[in-house]
Novice: 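I'd like to ask you about the structure that follows.
Note on naming: letters A, B, ... go to the chains in the order of the sequence lines (proteins, then strands), and numbering restarts at 1 for each one.
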Amino acid sequence: MPELPEVQTVVDHLRADLVGEKIIAIRPIWLKVLHNFDPNDLFKKNHGLEIKDVTRRAKFIIFHLPSSLLAIHLRMTGKLYIFNEEIPKHTTAIFELESGKKIIFEDTRKFGRIYLYENLDLINKRHGIEPLSAEFTKTWLFTELKKKKRNIKALLLDQSFIAGLGNIYTDESLWVSGIHPNSISNAISKTAVIKLHQAIQTLLRDAIEAKGTTIINFSFLNGQSGNYADQLRIFGRQDETCFKCGKEIEKIRVAGRGTYLCNQCQRKYK
DNA sequence: GGGATTGTTTAAAC
DNA sequence: CGTTTAAACAATCC
């Protein structure tokens with residue numbers, strides 16, 4: 001499940017190899033992967049589209065082209081990497097480069113999509129603050145949580161509120177800050193919100209440093225993968241014991257997602 | 001074969 | 001009526 005740190009890891013690796021390269025064709029293997037454009041139109045008048053930069057916004061990988069951009073969302077099982085041998089089984093699209101390199105979009109569940117946009121306006125409109133940006137301050141978080149009466153886990157997962165957190169880093173940050181996932185956002189104490197803010201930033205930075213979490217479905221660059229899974233403190237540890245208090249970790253359902261928590265360390269603010 | 005998984009979209013409920 | 005929640009959807013694996 002690629003979340004912000006995993007997407008950032010893919011972006012960092014691709015940028016080094018792809019900036020300055022020209023895309024000469026995009027071949028969809030599974031047709032629905034191209035969400036809103038036809039590569040025939042795109043390449044009709046352009047023989048090659050230079051990749052000016054590769055960046056991240058929310059959980060999108062953005063290829064900046066001369067007058068447009070490609071936004072790639074990995075969803076659950078997508079992988080994007082440079083490959084020049086045989087084509088893997090679950091490949092949904094292939095980008096061919098002028099140099100002969102190929103970028104493979106491999107996606108077993110086929111939820112991943114490629115979008116073509118003129119600019120980032122539409123993505124920006126639908127997505128909230130970047131948790132690693134300067135704008136994401138503890139004051140901002142406290143103010144915004146006060147404005148809403150929503151389930152805290154659902155709110156942290158809501159991409160239009162804060163962009164980039166998924167199930168793993170949400171559970172981790174709530175455990176670190178001692179907040180029960182079923183807490184109501186505006187009832188959480190200021191001290192706890194400050195801890196939450198700190199936890200989100202620290203966890204994301206550490207996970208990027210570790211090149212992401214290798215769990216369930218994520219890998220990048222032809223099989224290489226990150227090792228943040230070693231540092232997970234609550235996610236996936238059902239029936240094991242809490243690192244803080246030793247109590248058994250529970251798995252419940254919150255906001256429609258499997259949720260791991262320590263009932264003793266995480267206080268429910270209502 | 002049922003459940004789990006993602007974010008967007010749509011519908012329903014508060 | 002605006003805000004929040006729930007359900008449906010895409011597809012596959014075990």
Novice: For C/dA10 and B/dA11, measure between their P atoms and round to the nearest Å.
Specialist: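 The same atom, P, in both gives a distance of 15 Å.
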
Novice: Taking CG from A/L157 and P from B/dT6, how many angstroms apart are they, rounded to a whole number?
Specialist: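 Atom-to-atom, A/L157 to B/dT6, this comes out as 8 Å.
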
Novice: With a 4.0 Å limit, can you tell me whether A/K149 has a side-chain N or O closer than that to the phosphate oxygens OP1/OP2 of B/dC14?
Specialist: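 No, because none of the side-chain N or O atoms of A/K149 sits under 4.0 Å from OP1 or OP2 of B/dC14.
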
Novice: Is A/G258 touching bases, backbone alone, or none of the nucleic acid, heavy atoms closer than 4.0 Å?
Specialist: sugar-phosphate

Novice: Is there a side-chain contact between A/K110 and the phosphate of C/dT12, meaning an N or O under 4.0 Å from OP1 or OP2?
Specialist: yes

Novice: Examine B/dA4: is either OP1 or OP2 under 4.0 Å from a nitrogen or oxygen in the side chain of A/R253? Give yes or no.
Specialist: yes

Novice: From CZ of A/R126 over to C1' of B/dT6, roughly how many Å is that when rounded to an integer?
Specialist: 15 Å

Novice: What integer number of Å spans the C1' atoms of C/dA7 and B/dG3?
Specialist: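 Those two atoms are separated by 16 Å.
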
Novice: Any side-chain donor paired with an acceptor under 3.5 Å for A/K251 and A/T259?
Specialist: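 The answer is no; no qualifying pair exists.
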
Novice: So which heavy atom on A/A192 is nearest to which on A/I188, and how close?
Specialist: CB-CG2, 3.6 Å

Novice: Using whole Å, report how far NZ of A/K147 lies from P of C/dT4.
Specialist: 11 Å

Novice: Can you tell which of B/dT9, C/dT4, C/dA10 lies closest to the side chain of A/W30?
Specialist: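 For A/W30, the side-chain atoms sit closest to C/dA10.
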
Novice: Ion pair present between A/E96 and A/K101, side-chain N to carboxylate O less than 4.0 angstrom?
Specialist: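 The answer is no: the pair does not qualify as a salt bridge.
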
Novice: Write down the distance between CG (A/L156) and P (C/dT5), rounded to a whole number of angstrom.
Specialist: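 The answer, rounded to whole Å, is 13 Å.
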
Novice: If you measure from the ring centre of A/F111 to the centre of the six-membered ring in the base of C/dA10, is it under 5.5 Å, with the planes under 30° apart?
Specialist: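 It does: the ring sits over the base of C/dA10.
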
Novice: Below 4.0 angstrom from OP1 or OP2 of C/dT5, is there any side-chain N or O of A/R150?
Specialist: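 Yes, A/R150 has a side-chain N/O under 4.0 Å of OP1/OP2 on C/dT5.
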
Novice: Describe the nucleic acid contact of A/H127 in one word from base, sugar-phosphate, nothing, applying a heavy-atom distance below 4.0 Å.
Specialist: sugar-phosphate

Novice: Grab the CE-P distance between A/M76 and B/dT8 for me, whole Å please.
Specialist: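 After rounding, the gap between these two atoms is 15 Å.
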
Novice: I'd like to know if A/E106 and A/K89 make a salt bridge, using a cut-off of under 4.0 Å between side-chain N and carboxylate O.
Specialist: no

Novice: Can you find a side chain N or O atom of A/R109 that sits less than 4.0 Å from OP1 or OP2 on B/dA4?
Specialist: no

Novice: Between C1' on C/dA11 and NE2 on A/H35, what's the gap in Å once rounded to a whole number?
Specialist: 15 Å

Novice: Take atom CD of A/E6 and atom P of B/dT5, then tell me their distance rounded to the nearest Å.
Specialist: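 It works out to 16 Å between those atoms.
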
Novice: Is the distance from OP1 or OP2 of C/dC13 to the nearest side-chain N or O of A/H90 less than 4.0 Å?
Specialist: yes

Novice: Quickly work out the A/N167 CG to B/dA4 C1' distance and round it to whole Å.
Specialist: 11 Å

Novice: Mind checking A/N151 for me? I need base, sugar-phosphate or nothing, with any heavy atom below 4.0 Å counting as a touch.
Specialist: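 Sugar-phosphate contact only - A/N151 comes under 4.0 Å of backbone atoms but never of a base.
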
Novice: Under the 6.0 Å and 45° cation-pi test, does A/R237 pair with A/F243?
Specialist: yes

Novice: If you define the side chain from C-beta out and look only at heavy atoms, does anything of A/L157 sit under 4.5 Å from A/L165?
Specialist: no

